[in-house]
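Here is the structure we will look at.
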Amino acid sequence: MTVSDPNPPFGPSAVNYDFDVTIHQVRHPLKVIASAAQFILAKGQFAPDYIERNAPDTQISLDEQILSEKQQLILQAARYWYHWNLRAEEKGTITIPVEQLPERLPGLCELVGVEYQKEVLENIAPNINNRHLYLNEELWTVDWEELNSLDSELTDKIQNLAASYGYDF
């Protein structure tokens, strides 16, 4: 729902929606970058085109095509984390790191006028969307050093944006 694309690969289009409250949910950049590179970009059938269509800054340049396929995917996923979050901020009423969701949920419920029910959260598995449930291969990891070697300027931008969301490094 970050962009108003009429043909998203999953879920409804944001084109005909106008929300009173929009929650911009973020996750630690290194976790998203590894996951997006391996699962969304490398294995995705529709999402890569959707991402490039709505965030053209994520595309790999001709000069970058000398990188290995994995490095290209990591670089593209890093750009995706950065540019997609900037777009989401434009729509967001509030930004919440997913890691803070359990303690922030009562306030969110109050914000949208829904009764907070602690037992609902307790019944949701914390690993319901983990890549290991969908991939039969070793899970990729990314660290700051690797990201910095691919694009130091982008790494600085990601760290600054992540710090503004409350992440420490």
Side-chain angles (χ1 to χ4, degrees), residues 1-5 8-41 43-44 46-48 50-51 54-55 57-58 73-135 139-148 151 154-169:
M1 302 295 277
T2 295
V3 295
S4 294
D5 187 299
F10 310 104
S13 170
V15 171
N16 296 316
Y17 288 92
D18 185 27
F19 297 102
D20 293 332
V21 175
T22 304
I23 300 165
H24 170 213
Q25 185 174 327
V26 296
R27 186 172 170 230
H28 192 284
L30 294 179
K31 292 183 179 187
V32 173
I33 292 166
S35 181
Q38 184 177 24
F39 187 66
I40 304 290
L41 297 173
K43 305 289 184 199
F46 308 106
Y50 172 75
I51 291 167
N54 290 287
D57 295 331
T58 63
L73 291 167
I74 289 169
L75 182 56
Q76 190 171 20
R79 289 175 179 159
Y80 166 64
W81 186 93
Y82 180 73
H83 292 287
W84 210 261
N85 277 299
L86 291 178
R87 283 168 176 73
E89 277 185 16
E90 293 172 4
K91 284 189 171 184
T93 307
I94 185 171
T95 298
I96 297 181
V98 69
E99 297 87 353
Q100 295 178 9
L101 190 56
E103 62 262 21
R104 303 271 307 265
L105 195 54
L108 280 175
C109 288
E110 185 178 328
L111 179 66
V112 297
V114 174
E115 180 184 345
Y116 173 67
Q117 297 177 11
K118 184 179 180 182
E119 62 278 1
V120 172
L121 184 61
E122 291 170 349
N123 291 322
I124 298 173
N127 66 346
I128 196 156
N129 288 323
N130 283 2
R131 277 178 289 156
H132 77 273
L133 298 173
Y134 305 98
L135 296 173
L139 299 183
W140 295 359
T141 59
V142 177
D143 61 32
W144 291 116
E145 185 178 324
E146 180 178 13
L147 201 55
N148 196 54
D151 188 330
L154 177 63
T155 301
D156 288 342
K157 289 179 180 180
I158 290 170
Q159 287 180 330
N160 289 333
L161 187 58
S164 76
Y165 299 147
Y167 291 102
D168 295 322
F169 308 107

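Owing to the predicted nature of the structure, the values given are computational and were not obtained by experimental measurement.
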Is the shortest side-chain heavy-atom distance between L108 and Y116 below 4.5 Å?
no

Could you tell me the separation between the CD1 atom of I158 and the NE2 atom of H83, rounded to the nearest 0.5 Å?
8.5 Å

Can you find a pair of side-chain heavy atoms, one from P97 and one from R104, that are under 4.5 Å apart?
yes

Take atom CD of E145 as the centre, draw a 6.0 Å sphere, and report whether it contains more than 12 heavy atoms from other residues, nucleotides or ligands.
no

Strictly by side-chain hydrogen bond (donor to acceptor under 3.5 Å, both in side chains), give each pair with a member in residues 157-169 just once, sequence neighbours left out.
E89-Y165, E99-Y167

Do the ring planes of W144 and H28 sit parallel (below 30°), tilted (30 to 60°) or perpendicular (above 60°)?
tilted

Would you mind writing out the side-chain donor-acceptor pairs for residues 14-25 within the sub-3.5 Å range, not counting sequence neighbours?
from	atom 1	to	atom 2	distance (Å)
H24	ND1	T95	OG1	3.0
H24	NE2	N85	OD1	2.7

If I take atom OG1 from residue T2 and atom CG from residue L86, how far apart are they, to the nearest 0.5 angstrom?
11.0 Å

Shortest non-hydrogen separation from E146 to T141 and the atoms involved
OE1-O, 3.7 Å

Does any part of the side chain of D151, heavy atoms only, come nearer than 4.5 Å to the side chain of R79, both counted from C-beta?
yes

Of all heavy-atom pairs linking L161 and W81, the shortest is CD2-CZ3, 3.8 Å

dist L101:CG -> I96:CD1 (nearest 0.5 Å) comes out at 6.5 Å

Atom CG of L105 and atom CG of L111: how far apart are they, to the nearest 0.5 Å?
11.5 Å

Nearest non-hydrogen partners of P12 and M1, listed with the distance
O-SD, 3.5 Å

Any heavy-atom pair between the side chains of W84 and V3 that's under 4.5 Å?
yes

Heavy-atom closest pair (I33 atom, A77 atom, distance to 0.1 Å) is O-CB, 3.4 Å

State, to 0.1 Å, how close V32 and R27 come at their nearest heavy-atom pair, and which atoms those are.
CG2-CB, 3.5 Å

Rounded to the nearest 0.5 Å, what's the gap from CG on L73 to CH2 on W140? Could you check?
5.0 Å

Roughly how far, to the nearest 0.5 Å, is OG1 of T58 from CD1 of I51?
6.5 Å

If I compare all heavy atoms of P8 with all of Y50, which pair ends up nearest, and what's the gap?
CA-CE1, 3.7 Å

